[in-house]
Amino acid sequence: MTGAPASAAGGPSGARRAAAGPASGKVPGAAMGRGAARSAEGGASGARQGAVPGAGDSGAVVGDGSESAVVDAQDDGKPARGGKLAAAAVNQASVWNVANLLTMLRLILVPAFVALMLADGGYDPVWRSLAWAAFAIAMITDLFDGHLARTYNLVTDFGKIADPIADKAIMGAALICLSVLGDLPWWVTGVILGRELGITLLRFVVIRYGVIPASRGGKLKTLTQGVAVGMYVLALTGWLATLRFWVMAAAVVLTVVTGLDYVKQAIVLRRRGIAERKAALEEKEA
């Protein structure tokens, strides 16, 4: 009894320790398994994180590095994130281009022209000459702003709205001032302004069917009106006063003729648009 080994003497406790040894040996293995799983997850998340910059710049890299496929974000036809905001910023910045600045200058010249035209009773040759200079600058800038906008792609929503307003404002101000001073009959002012406002409204009415293009007659009308009104703004006498009468008569004739031509084009454009819509509906129903 006294010679029994210590291991035997502690048989039950030794057996428990022996059994606990293998059981406790499983714990490091499980910990290693969880560590491997965490490493795998870390590798996967690292791969995803590594793929994000590539997807944001030029595409997503797929594969183990030896074989990769670059997926271009533009191939999906979807605009890049933030593209609309960038485009809006560009459009806002483009409002301050040369063409729009010339249009703004014309708008500013309208009240300046009226003040110069009516200064000192409206019959002082010096003030009338200054008013003519303001009117001439406005008409000249009208020739350049549209050309610059179309040539250098500076067309903006502001320009589309402000340009015709500036044109009508300077011409209307000159005609009204001349009629108020008694230099031009009111019926002439009524015919010209009535035509301009009527054609502008007509364009808005038929815009759903198409756009009425500017004709050569319309451009000649604008030029003749500008020359005639400019001659009336100046304090001319003698044969020059007679000449300006005939130039204004030609401007009135061109105003009426081109106005009727625009009405005819609008009617044709509207009928064509209605016919095309009707045909499209019939084809869809068939």
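As the structure is a prediction and not an experimental result, all values here were calculated from the model.
Rounded to the nearest 0.5 angstrom, D145 CG and D167 CG are separated by 7.0 Å. Rounding to the nearest 0.5 Å gives a distance of 10.0 Å between CG of D157 and CG of N100. To the nearest 0.5 Å, the span separating CH2 on W96 from CE on M104 amounts to 4.5 Å. Rounding to the nearest 0.5 Å places OG1 of T103 at 8.5 Å from CG of N97. To the nearest 0.5 Å, atoms CG (L107) and OG1 (T141) are separated by 9.5 Å. Here the straight-line distance linking atom CG of L202 with atom CD of Q265 works out to 10.0 Å at 0.5 Å rounding.
When all heavy atoms are compared, the tightest approach of T258 to G218 is CG2-N, 3.8 Å. Scanning both residues, R208 and R277, for their nearest heavy atoms gives O-NH2, 3.6 Å. Contact detail for Y232 and F245: the closest heavy-atom pair is OH-CA, 3.6 Å. When all heavy atoms of I170 and M139 are compared, the pair lying nearest together is CG2-SD, 4.4 Å. Considering every non-hydrogen atom in both M231 and L236, the closest pair reads O-CD1, 3.4 Å. A228 and V247 make their closest contact through CB-CG1, 3.6 Å (heavy atoms, listed as atom of the first residue, atom of the second, distance).
Side-chain atoms of R195 do not come within 3.5 Å of backbone N or O of V252 as any donor-acceptor pair.
Of the charged side-chain nitrogens involved, at least one lies within less than 4.0 Å of a carboxylate oxygen, so that K221 and E196 count as a salt-bridged pair.
When side chains are defined from C-beta on, D142 counts as touching D163, because their heavy atoms get closer than 4.5 Å. With a 4.5 Å cut-off on side-chain heavy atoms, V114 and C177 count as touching. Proximity of M248 to I192: side-chain heavy atoms (C-beta onward) are separated by under 4.5 Å at one or more points. With contacts defined as side-chain heavy-atom distances shorter than 4.5 Å, the pair V233/F113 qualifies. Counting heavy atoms from C-beta on, the side chains of L178 and M117 come closer than 4.5 Å. For the pair K219/L223, no side-chain contact is recorded, criterion being any heavy-atom separation below 4.5 Å from C-beta on.
Residue F144 places its CZ atom among 12 or fewer non-hydrogen atoms of other residues, nucleotides or ligands, all under 6.0 Å distant. For R203, the CZ atom counts as densely surrounded, since its 6.0 Å shell holds more than 12 non-hydrogen atoms of other residues, nucleotides or ligands.
Residues V110 and W127 do not share a hydrophobic cluster, defined by chaining ILVMFWY side chains whose heavy atoms lie under 4.5 Å apart. In this structure, F204 is not a member of the same hydrophobic cluster as F158, with clusters built from ILVMFWY side-chain heavy atoms closer than 4.5 Å. Following chains of ILVMFWY side-chain contacts shorter than 4.5 Å, one cannot reach L220 starting from Y262, and the two form parts of different hydrophobic clusters. The cluster map of Ile, Leu, Val, Met, Phe, Trp and Tyr, joined by side-chain heavy atoms under 4.5 Å apart, puts L102 and L109 in different clusters. Using a 4.5 Å cut-off between side-chain heavy atoms of Ile, Leu, Val, Met, Phe, Trp and Tyr, with links allowed through other members, L243 and L234 fall into the same hydrophobic cluster.
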Subject >> side chain to side chain contact (heavy atoms under 4.5 Å, CB included) between Y209 and R272, worked out >> reply: CA-CA 8 Å; Y209 305 109; R272 185 186 306 159; over 6 Å; no

Original post:
Is there a side chain to side chain contact (heavy atoms under 4.5 Å, CB included) between L193 and I176 once you walk through the steps?
Top reply: CA-CA 9 Å; L193 292 184; I176 292 174; 4.2 Å; yes

Quick one: side chains of residues 180-190, donor-acceptor pairs under 3.5 Å with protein atoms, not counting sequence neighbours, listed by atom name and distance.
{"from": "D183", "atom 1": "OD2", "to": "R128", "atom 2": "NH1", "distance (Å)": "3.3"}
{"from": "D183", "atom 1": "OD2", "to": "R128", "atom 2": "NH2", "distance (Å)": "2.9"}
{"from": "T189", "atom 1": "OG1", "to": "L175", "atom 2": "O", "distance (Å)": "3.4"}
{"from": "T189", "atom 1": "OG1", "to": "S179", "atom 2": "OG", "distance (Å)": "2.5"}

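Partner of R270 under the side-chain contact (heavy atoms from CB on, under 4.5 Å) criterion, chosen from I267, V268, I274: I274.
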